[in-house]
**Student:** 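Provided herewith is a single structure, encoded as structure tokens, for subsequent inquiry.
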2 protein chains.
Amino acid sequence: MDGSSSPSAEATGTVRAARRTRNKPEDRHREFVRKAIELFAEVGFEAGTRELAQRLGVTQPLLYRYFPSKDDLIAAVYQEIYVNRWKSEWREGLMDDSRPIRERIIAFYEDYTHTIFTPEWIRIYIFAGLRGVDINRRYAATVETEILRPITLATRQSFGLGGAEPPSPQEVELFWTLQGGIFYYGVREIVYQFPMPVDRPTMIRNAVDTFLTGVGPVLKRLADQETKDNSTR
Amino acid sequence: MDGSSSPSAEATGTVRAARRTRNKPEDRHREFVRKAIELFAEVGFEAGTRELAQRLGVTQPLLYRYFPSKDDLIAAVYQEIYVNRWKSEWREGLMDDSRPIRERIIAFYEDYTHTIFTPEWIRIYIFAGLRGVDINRRYAATVETEILRPITLATRQSFGLGGAEPPSPQEVELFWTLQGGIFYYGVREIVYQFPMPVDRPTMIRNAVDTFLTGVGPVLKRLADQETKDNSTR
DNA sequence: ATTTTTACTTATCGATCGATAAATAACATT
DNA sequence: AATGTTATTTATCGATCGATAAGTAAAAAT
């Protein structure tokens, strides 16, 4: 493929005559993680360390100076994407009583999808889920406590239902359906690469409007069931 | 791990002293695909052919007598799961005007989730999506034409809206949100292995009730926009 | 009973993977 | 300018992967 004379250079994945510029460890670390995110998003975690090294213009064993093992590199990738990119403003915005609930939810989903609807975020999230790492379980737990429960309480209030009791599982599950529906839009767009004839803001508006219009009666029914269960218990 | 003396037996993945029972080719073919589905659902497509052979109690090269390459085996897996398990009754049931729309949709999703909410179906579907094969694009296209468009038309009718014009992209997208929300319930249950405090039928009922209650006004708005667009065009 | 067919195994190749040890050269310290 | 530190490369190991060629034995055909 290339005209390199040494066959061992091909075998070891050496790029050719080393550049040998020396960088600060912190910069390298960040650079490695950044490119690893890029590569893993494309190929998945079975992407070779040699491929990564080549994209970095660096030899493969150098990676092991910064990450004891490939799994540690992967852990750093998780940290960067799913921890560092989380915005605490999401929760705050959703709990801001001064704005109407519809506006809050739409604003949240527009910003949230803007953050997570990238190949890096979505594909790596799904790769991780299939791998069985607990990243997804932990992330979804965060979504539930930081996003869905606040939304549930705020929505309940805006319908003049119930007080401050914690949301019931059925209530939370209801809002998971909205979350999942919107998330799956991103999966179709980014993973399956569907042509998406409806743009994101429109999709979000329609989904939220449908949901908020319909959720009132169901929440009411759940609240009634709840009080009945309590009285018969 | 095992007490086998020969190291080459370990290396080649030989199981031990061959059983040498001779089977009919068609039976073998089916057996291979069945076990391949099981294995791929667990590990993904990077599962080794040796691992598969071992689970079948057969040597690895025998696989290549039935499938020219690993990719052909994978193709057979797709065919079995996503083509052979599709039920034409789904479309028919959804278009059965004699039953109320809510009942039809709930019945469909109960049967549909019963079919696809298995580790085999969901995990392999997601593995395929990340691989970039067109399985998912083709499957989703089928879902859209065979399921979502009929649902859209039936729902529209039940609200006394519009005639037989084909559903607009925005309308279809709306029903994709419901589909995605329910699908994502399965992903959380089966892939992320969340504890699911709300059972499937209840989730489906709540989701469909919320959706059907709220979708009326939005469909109406979309229909009005449509006619306005047509008149100004 | 002998021959023919073919399902199945043994053995092995070449590529690629994650990881380690040792050599080298760029930068910091004095 | 000499020395020390460490970022980076070279070389290589052992395991595992998909795939192929050649041998073996079970069933079918005669």
Side-chain angles (χ1 to χ4, degrees), chain A residues 1-2 4-32 35-36 39-40 43-77 131, chain B residues 1 4-32 36 39-40 43-77 131:
Chain A
M1 182 115 4
D2 67 350
S4 76
S5 51
S6 154
S8 75
E10 273 278 285
T12 52
T14 305
V15 206
R16 199 95 191 91
R19 279 249 314 286
R20 226 60 186 294
T21 39
R22 231 173 125 114
N23 290 35
K24 283 190 197 151
E26 317 94 57
D27 292 348
R28 273 283 194 240
H29 198 278
R30 272 203 305 276
E31 197 190 357
F32 284 10
K35 270 271 191 277
L39 177 61
F40 289 150
V43 195
F45 296 117
E46 67 270 27
T49 52
R50 284 172 179 81
E51 167 79 16
L52 175 57
Q54 189 178 339
R55 290 189 183 203
L56 285 160
V58 145
T59 57
Q60 180 245 0
L62 186 61
L63 299 173
Y64 287 85
R65 180 141 193 120
Y66 293 89
F67 304 94
S69 75
K70 192 182 174 183
D71 276 336
D72 290 279
L73 172 60
I74 292 175
V77 165
R131 269 198 138 204
Chain B
M1 190 147 308
S4 78
S5 51
S6 154
S8 77
E10 273 278 284
T12 51
T14 305
V15 206
R16 200 96 192 87
R19 280 247 315 285
R20 226 63 187 288
T21 39
R22 235 174 122 113
N23 291 35
K24 282 190 196 150
E26 318 94 56
D27 292 348
R28 273 283 194 241
H29 198 276
R30 271 203 305 276
E31 196 190 356
F32 284 12
L39 178 60
F40 289 152
V43 195
F45 296 117
E46 66 271 25
T49 53
R50 284 171 180 83
E51 167 79 16
L52 175 57
Q54 188 177 339
R55 290 188 183 204
L56 285 160
V58 145
T59 56
Q60 179 245 0
L62 185 59
L63 298 173
Y64 288 85
R65 180 139 192 123
Y66 294 88
F67 305 93
S69 75
K70 190 181 173 182
D71 276 335
D72 289 278
L73 172 59
I74 292 174
V77 164
R131 267 198 139 203

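Chain A is the first sequence line, chain B the second, and so forth, proteins listed ahead of strands; every chain is numbered from 1. None of these values were measured; they are calculated from a predicted model.
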**Student:** Between atom OH in Y64(A) and atom P in dC17(C), what is the gap in whole Å?
**Tutor:**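 Whole-Å distance recorded here is 11 Å.
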**Student:** Please test L56(B) against L63(B) for side-chain contact (heavy atoms from CB on, under 4.5 Å), starting from the C-alpha separation and ending with a verdict.
**Tutor:** CA-CA 10 Å; L56(B) 285 160; L63(B) 298 173; 4.0 Å; yes
**Student:** Tell me the interatomic distance from F67(B), atom CZ, to dA7(C), atom P, rounded to whole angstroms.
**Tutor:**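 Whole-Å distance recorded here is 14 Å.
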**Student:** Please work out whether the ring planes of F67(B) and H29(B) are parallel, tilted or perpendicular, with thresholds of 30° and 60°.
**Tutor:**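 Tilted.
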**Student:** Please report, rounded to the nearest Å, how far the P atom of dT9(C) is from the CG atom of L62(B).
**Tutor:**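 Rounding to the nearest Å, CG of L62(B) and P of dT9(C) are 6 Å apart.
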**Student:** Counting just side-chain N and O atoms, does R28(B) come under 4.0 Å of either OP1 or OP2 of dC8(C)?
**Tutor:**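 Yes, within the criterion.
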**Student:** Which part of the nucleic acid does P25(B) contact within heavy-atom distance under 4.0 Å: base, sugar-phosphate only, or nothing?
**Tutor:**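 Sugar-phosphate: the residue P25(B), judged by heavy atoms under 4.0 Å, touches backbone atoms but no base.
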**Student:** Quick one: L52(B) CG to dC17(D) P, roughly how many Å, whole number?
**Tutor:**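 Result: 12 Å.
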**Student:** Over how many whole Å does the gap from R50(A) atom CZ to dT12(D) atom C1' extend?
**Tutor:**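 From R50(A) CZ to dT12(D) C1': 10 Å.
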**Student:** For a quick test of reading the model: is some side-chain N or O of T59(B) closer than 4.0 Å to OP1 or OP2 of dC8(C)?
**Tutor:**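 Looking at the OP1 and OP2 atoms of dC8(C), neither is under 4.0 Å from any side-chain N or O of T59(B).
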**Student:** Look at R55(B) together with E51(B) and state whether they make a salt bridge at an N to O cut-off of under 4.0 Å.
**Tutor:**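 E51(B) and R55(B): salt-bridged.
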**Student:** Please state how far atom CD in Q60(A) lies from atom P in dA21(C), giving the value in whole angstrom units.
**Tutor:**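 Distance check: Q60(A) CD to dA21(C) P gives 14 Å.
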**Student:** Mind calculating the distance between CG (D27(B)) and C1' (dT6(C)) to the nearest angstrom?
**Tutor:**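 Atom-to-atom, D27(B) to dT6(C), this comes out as 16 Å.
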**Student:** On DNA chain C, check which nucleotide each of D71(A) and R65(B) is closest to and give me the residue with the more 5' one.
**Tutor:**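 The 5'-side residue here is R65(B).
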**Student:** May I have the step-by-step check of side-chain contact (heavy atoms from CB on, under 4.5 Å) for L73(B) and F40(B), ending in yes or no?
**Tutor:** CA-CA 11 Å; L73(B) 172 59; F40(B) 289 152; 4.2 Å; yes
**Student:** For Y66(B), report the nucleic acid contact type (base, sugar-phosphate, nothing); a contact means any heavy atom under 4.0 Å.
**Tutor:**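 Since only primed, P, OP1 and OP2 atoms lie under 4.0 Å of Y66(B), the category is sugar-phosphate.
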**Student:** Starting at atom CG of L63(B), determine the distance to atom C1' of dT20(D), rounded to an integer number of angstrom.
**Tutor:**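 Whole-Å distance recorded here is 14 Å.
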